[in-house]
Protein chains: 2
Amino acid sequence: MKKPKNSTTIRDVARLADVSVATISRYLNNNTLLSKETAQRVQAAMNELNFSPHPVARSLATNRTNTIGLVMNDIAGDFFTPLLEGIIATTEEQNYNLLIYTSNRTKHANPILFGPKYTDGLLVFLNGLEEEDLINLHQSNQPIVLIHHSAPEGLNIPTVTIENKAGSKAIVSHLIEAHQRKRIVFLRGPAGNEDSSWRETGYRQALESHGFAIDESLILQGNFDRFTSQESMRTLIQAGIQFDAVFTGDDDAAIGTLAALKEANLHVPEQVSVVGFDDQRLAPFLTPALSTVHAPTDQVGMTAARHLLKLIRHEPVESVILLPTELILRNSCGCSQAISTE
Amino acid sequence: MKKPKNSTTIRDVARLADVSVATISRYLNNNTLLSKETAQRVQAAMNELNFSPHPVARSLATNRTNTIGLVMNDIAGDFFTPLLEGIIATTEEQNYNLLIYTSNRTKHANPILFGPKYTDGLLVFLNGLEEEDLINLHQSNQPIVLIHHSAPEGLNIPTVTIENKAGSKAIVSHLIEAHQRKRIVFLRGPAGNEDSSWRETGYRQALESHGFAIDESLILQGNFDRFTSQESMRTLIQAGIQFDAVFTGDDDAAIGTLAALKEANLHVPEQVSVVGFDDQRLAPFLTPALSTVHAPTDQVGMTAARHLLKLIRHEPVESVILLPTELILRNSCGCSQAISTE
DNA sequence: CTGAAAGCGCTTACAG
DNA sequence: CTGAAAGCGCTTACAG
């Protein structure tokens, strides 16, 4: 027993205010009217003792933890900071705590540390959870909101993500309409990545709606990764396949694409337009400054957290929320813009 | 009372295994030898019921939460992701949970949500906590490790930070020795920022050890911010003060510096060398690629978390940990390096 | 409007 | 090696 037992409890307050502990509890949760006079005594006693209730005890008694969990695979990536900023903005506003899990733990480690008993609800980013675990959690009535990922067949778990398709269609159309590009490469993201498949759909629809045939030899693996993308672009160039633009799938892939083009002495944007997706912090600093689609990642975080809190309160919630993206036209597509103060 | 009461408890297991709850508890915490036979019965019962102990109840009984908290002002900044990666790597390894606080909450909001009863210890980033709160927490025996910030006078709170002085001295010396720079500007960070003052000390020592006098007119406000830095550099240039290098204090300030230099048609690195500090993700993508000092932020996170866990276990801990920095020489200082595959 | 009492699900001296 | 019981600090029907 290593309890310091220093902290003052509800009993101490009750004794000092000369009421029962139940009364203190009621005052704390103001779910019953107290007589003005007792209320004052209680408040005075709480002040004097500098009392604050023990959250763990409260949690055990109420079966609420006042915290939500964020589960993800790993925290890498530039979108992580804005995502978390969004989530925290709303947990803070609504007086919830945030617990961070990465799924390494959920796979290998002591399972006690992970699970619904710690949280009132879970935000699951991408494929942060195995489908099986997700299903179990959902069936045990744990409120869940998915981020950038759709629910498994038949499960009604709300999702928040962005307008991947519309954004992609818009930027590819821009390439065609504003810059007369005709042979546009697309770099796919990781297999199974939903953002990537929507972006591919947007790409295809843009081409089709402009009467272009889809040339599958222009669709390559980029993996949302600069090195993979650089390799794919090198291969394409060496194969002698002609193209006049690249929609890289995400900004990281744009980095590799720009590098490969530079190696091959192909000028961007004069000979080849390059556009990305995400609008990461480094996008304006690439050479040339990257035209891309802005993903409102902080909004995604806010919205997801807000919806999870609604779910926790048993309020109704839409099942799919799509946040609008926005075209950011800098130089790499062929548009010109002052570069120095971006 | 909205308790689903679905989950199985230690009593259920005890009943099934035909032992007392105390025995289950002992098995869980393996702090007493159980007879082989009971151990097997208990394990079988736990498996059958798919039991996992309730962390909140456990926490109430033991006065341990198995979670640590990270407190900070706001989560902006590129160093945040690596910092958190480092922290999570160790909390995961040691089976701790991580709770994220931002200090907005600690200032305005319901104080119940913040505090030692939620966590076994706290990681405090920069000035994430008012000095008064820090002192109170420390005096109430809450284990604390400070990150990039030193303890208030007289308090023995461990700190982990980086070798700001040595890194700065090294890069400024590089400017002098390798590139014959003689009039080197320094851009200060925000007032009171300790990283900044150590960097300034390193800058001064580098100049002095090379026999240069310090010209205070070359020390300006940069605020670790691109806009402030751009303004300061504009003013310096317009004042006609001569300089041949800028140590920008951090990488963000380097962005503004490069922009101001470009506006003024001063070529980097031919006319002016520019070096930063941090080695943020975007550093290699600036034009020219930024020479800078690498701050091992993930290591800072790991080390801080590891030391906090030691503190929690009452193991001894050094009071100041300084992690080594490293010179990253790219192009902006005048060194040359292949740029495309960085 | 207020109190006495049971309960949340564990852990841990204390006995045996 | 194991059990009975008290306790962790709250909340919440149930009475009055």
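Here is how names work: the chains are called A, B, and so on, in the same order as the sequence lines, proteins then strands, and each is numbered from 1.
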Rounded to whole Å, CG of N63(B) lies from P of dC10(D) at a distance of 12 Å

Side chain of R58(A): nearest nucleotide among dC10(D), dG3(C), dT11(C)?
dC10(D)

From CG of L49(A) across to P of dC10(D) the rounded distance in Å is 12 Å

Is there a side-chain polar atom (N or O) of T62(B) under 4.0 Å from OP1 or OP2 of dT12(C)?
no

The side chain of A22(B) is closest to which nucleotide in this list: dT12(C), dT11(C), dT12(D)?
dT12(C)

From CG (L323(B)) to CD (Q299(B)), nearest 0.5 Å
6.5 Å

Contact class for T38(A) (heavy atom, under 4.0 Å): base, sugar-phosphate, or nothing?
sugar-phosphate

Whether the side chain of D120(A) engages the backbone of N66(A) through a donor-acceptor N/O pair (distance < 3.5 Å, no angle test) should be reported.
yes

Nearest to the side chain of R26(A) - dT11(C), dT2(D), dC14(D)?
dC14(D)

Is it the case that the side chain of T297(A) and the backbone of L83(A) share a donor-acceptor pair, with hydrogens and angles ignored and the cut-off at 3.5 Å?
no

For dA13(D), what is the paired nucleotide under Watson-Crick or G-U wobble rules, both distances under 3.5 Å?
none

Using heavy-atom distances to pick each residue's nearest nucleotide on DNA chain D, tell me which of T9(A) and S20(B) is more 5'.
S20(B)

Take atom CZ of R64(B) and atom P of dT12(C), then tell me their distance rounded to the nearest Å.
6 Å

Check for a donor-acceptor pair, side chain of D12(A) on one end and backbone N or O of T9(A) on the other, with a separation under 3.5 Å.
yes

Scan every strand shown for a Watson-Crick or G-U wobble partner of dA4(D), both distances under 3.5 Å, and answer none if you come up empty.
none

Rounding to an integer number of Å, can you tell me how far L28(B) CG sits from dT2(D) C1'?
16 Å

In this structure, CG of L311(A) is separated from CD1 of I68(A) (nearest 0.5 Å) by 11.0 Å

Roughly how many Å is it from CZ in R15(A) to P in dT2(C), rounded to a whole number?
20 Å

Can you tell me the distance, in whole Å, between the CZ atom of R11(A) and the P atom of dG7(D)?
9 Å

Could you tell me how far apart N66(B) (CG) and dC10(C) (P) are, to the nearest whole angstrom?
15 Å

Side chain of F51(B) only, please: which of dC10(C), dT2(D), dT2(C) is the nearest?
dC10(C)

Look at all strands and tell whether V56(B) reaches a base, only sugar-phosphate, or nothing, counting heavy atoms closer than 4.0 Å.
nothing

Using atom CG of L60(A) as one end and atom C1' of dA6(C) as the other, report the distance to the nearest whole Å.
13 Å

